[in-house]
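Structure, as C-alpha cells:
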Amino acid sequence: MFNLLRMDLYRVKRSKSVYVCFGILVFVTVFGFWLMWLLGSDEGHKISLAMGMLSTEELFESESILAGVDFLEFFSQICLDGGAYNVIFGVWVMLFVCGDFQSGFIKNIMALHQNRWKYIGSKVLTVWIVDFCYLGLHLLSALMLNRIFGNLVPDAMWKDILFYLSWVWFLTTAFGALIIFICVLTRSVAAASLAAVLLGGGVAVMALYGILNLFHAGEWLKYSIYLTCAEGPEKYTSVKNLYVYVVGIGFLILYTVLSGMILRKKDI
C-alpha cells in the first residue's frame with residue numbers, strides 16, 4: 001500500500017487540480033475578509049458608502065456585525081460552517097479518484113496491485129494528507145489576511161484553534177472518503193461532482209433535515225458530516241465536546257470499508 005501511497009502523493013504533487021482548488025479556497029477566504037472589512041471597519045464603511053454598496057441605515061445595522069467575533073469563529077464562518085471548504089475539497093477528491101477510472105489508469109494499478117483494499121487505503125491516506133495541508137495552509141493564509149486587513153477580528157487562543165482544526169480534520173477527511181465511495185460506486189464524474197456540491201454545501205442535508213423535522217424525526221441528522229462541521233464546538237469545554245471525533249472517525253471508517261467492499265465486487 002505504501003508503494004501506491006508514494007505514487008499517489010507524487011501524482012498529487014505533479015497535478016494542477018490540487019493547486020487550482022486550493023487557489024479557489026484562498027480566493028473565497030480573501031473575498032470573505034474583504035466583504036467583512038467593508039461591513040465591519042470604519043475605513044470599509046467609507047468605501048462602502050462611496051461605492052453605494054450600503055445606505056446610511058444599512059451602515060448603522062452593519063456596525064455590530066463583528067461584535068464579539070474572534071479569529072476562530074470568523075475562520076469557521078468563512079468556509080467551514082457554510083460548507084465551501086468541503087465543496088472545494090470534495091471536487092478535488094473527485095478529480096483525483098475519478099481520473100483513474102476515466103483514463104483507464106486503474107487497470108494498470110490493479111494489474112500490479114491485485115489487493116483492492118490497498119488501493120482504497122492509499123486513496124484515503126492521500127486525501128488525509130492533502131486535507132492536513134489544505135487546512136494548515138488555509139489557516140496560515142487567514143492569519144495573514146487578518147493582519148493585512150488591520151486585525152479585523154481579535155486573535156483566538158492557539159489551544160482552541162488546534163482543538164478545532166483537529167476534529168475538523170477528521171470530519172473533512174471523512175467527507176473525502178464519502179466522495180471516494182461515490183466515485184468507486186458510480187465511476188461518474190457528474191455524480192461525484194453533484195455529491196460534492198449537494199452534500200458538501202449542505203443543500204441535500206438541510207432539505208432532508210427540514211422535511212424530517214416536520215415529523216419530529218430529524219434530530220439524528222445533527223450528527224451528519226455537514227451539520228457537525230457547521231455546529232461543532234469551536235472550544236473544548238467538556239468531555240461532551242469530544243463527540244465530534246466519534247462522528248468523524250466513525251464516518252471515515254464507514255466510507256472506507258464501503259469503498260473497499262464495492263471495489264472488490266465490481267469489475268474494473
Side-chain angles (χ1 to χ4, degrees), residues 21-49 51 53-54 58-92 131-173 175 200-203 205-206 222 224-238 241-245 247-248:
C21 288
F22 183 72
I24 295 172
L25 179 62
V26 172
F27 174 79
V28 171
T29 307
V30 171
F31 180 78
F33 268 93
W34 177 75
L35 184 61
M36 289 300 102
W37 179 77
L38 288 176
L39 297 176
S41 68
D42 294 336
E43 297 86 352
H45 289 162
K46 295 176 183 178
I47 295 176
S48 299
L49 287 172
M51 295 174 62
M53 293 179 62
L54 293 175
E58 292 171 331
L59 181 62
F60 178 77
E61 294 175 359
S62 70
E63 287 181 349
S64 61
I65 193 170
L66 292 176
V69 177
D70 64 6
F71 173 80
L72 183 56
E73 184 177 353
F74 187 69
F75 176 72
S76 65
Q77 288 176 355
I78 290 176
C79 288
L80 291 160
D81 286 4
Y85 180 90
N86 275 336
V87 171
I88 296 168
F89 185 62
V91 168
W92 172 77
D131 191 22
F132 176 81
C133 296
Y134 265 32
L135 287 172
L137 293 173
H138 184 204
L139 174 67
L140 291 176
S141 65
L143 286 169
M144 182 175 64
L145 285 167
N146 194 40
R147 296 291 182 270
I148 292 173
F149 282 95
N151 291 321
L152 187 62
V153 289
D155 293 332
M157 297 182 65
W158 272 102
K159 67 176 183 178
D160 296 330
I161 293 175
L162 293 177
F163 168 72
Y164 178 74
L165 286 184
S166 65
W167 68 257
V168 163
W169 185 21
F170 282 105
L171 262 296
T172 49
T173 301
F175 183 73
V203 178
V205 176
M206 293 309 296
K222 289 185 177 180
S224 64
I225 293 176
Y226 172 76
L227 283 177
T228 304
C229 275
E231 300 179 359
E234 294 172 359
K235 301 177 182 180
Y236 177 78
T237 56
S238 69
N241 297 142
L242 299 180
Y243 83 93
V244 288
Y245 292 100
V247 174

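What you see is a predicted model, and the numbers here were worked out from it, not measured in a lab. Below, each value reflects all heavy atoms present in this structure, side chains not excepted, and no hydrogens, waters or symmetry copies.
Leu139 is listed as a side-chain neighbour of Phe71, based on a closest heavy-atom distance under 4.5 Å. Contact annotation: the side chain of Phe75 approaches that of Leu165 to within less than 4.5 Å [non-hydrogen atoms, C-beta and beyond].
Legend: side chain to side chain donor-acceptor pair (under 3.5 Å) pairs involving residues 79-89, not counting sequence neighbours, sorted by first then second residue: Tyr85-Asp131. A side chain to side chain donor-acceptor pair (under 3.5 Å) check over residues 155-168, counting only residues at least two apart or in different chains, returns the pairs Arg147-Asp155, Ser166-Tyr245.
Taking CD1 of Ile78 as the start and CG of Leu35 as the end, the distance is 10.0 Å to the nearest 0.5 Å. From Leu72, atom CG reaches atom CZ of Phe163 across 10.0 Å, with rounding to the nearest 0.5 Å. Of the inter-residue distances, the one linking Phe89 atom CZ with Tyr134 atom OH reads 7.5 Å to the nearest 0.5 angstrom.
By the side chain to side chain donor-acceptor pair (under 3.5 Å) test, Ser141 pairs with no residue at all, sequence neighbours left out. Asp70 meets the side chain to side chain donor-acceptor pair (under 3.5 Å) test with no other residue; sequence neighbours excluded. Remark: Phe33 engages Phe74 in a ring-ring contact (aromatic ring centres under 6.0 Å, His included) (not counting sequence neighbours). Residues passing the ring-ring contact (aromatic ring centres under 6.0 Å, His included) test with Phe132 are Trp169, sequence neighbours excluded.
Considering all non-hydrogen atoms of both residues, Met36 and Leu152 come closest at CB-CD2, 3.9 Å. Here the shortest heavy-atom pairing between Cys79 and Val28 reads SG-CG1, 3.8 Å. Contact record, Ile88 with Cys21: CG2-O, 3.2 Å, taken as the closest heavy-atom pair. Of all the heavy atoms in Cys229 and Leu171, the pair that sits closest is SG-CB, 3.7 Å. What you find for Ser224 and Leu227 is that their closest heavy atoms are OG-N, 3.4 Å. Residues Leu80 and Val168 approach most closely at CD2-CG1, 3.9 Å, considering heavy atoms.
Checked against a 6.0 Å centroid threshold, the rings of Phe22 and His138 do not count as neighbours.
Between the side chain of Asn241 and the main chain of Ser238, a donor-acceptor pair closer than 3.5 Å is present.
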Side chain to side chain contact (heavy atoms under 4.5 Å, CB included) between Trp34 and Leu145: does it pass, once the steps are laid out? CA-CA 9 Å; Trp34 177 75; Leu145 285 167; over 6 Å; no
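Summarising the local packing, CZ of Phe31 is surrounded by 12 or fewer heavy atoms from other residues, nucleotides or ligands at distances under 6.0 Å.
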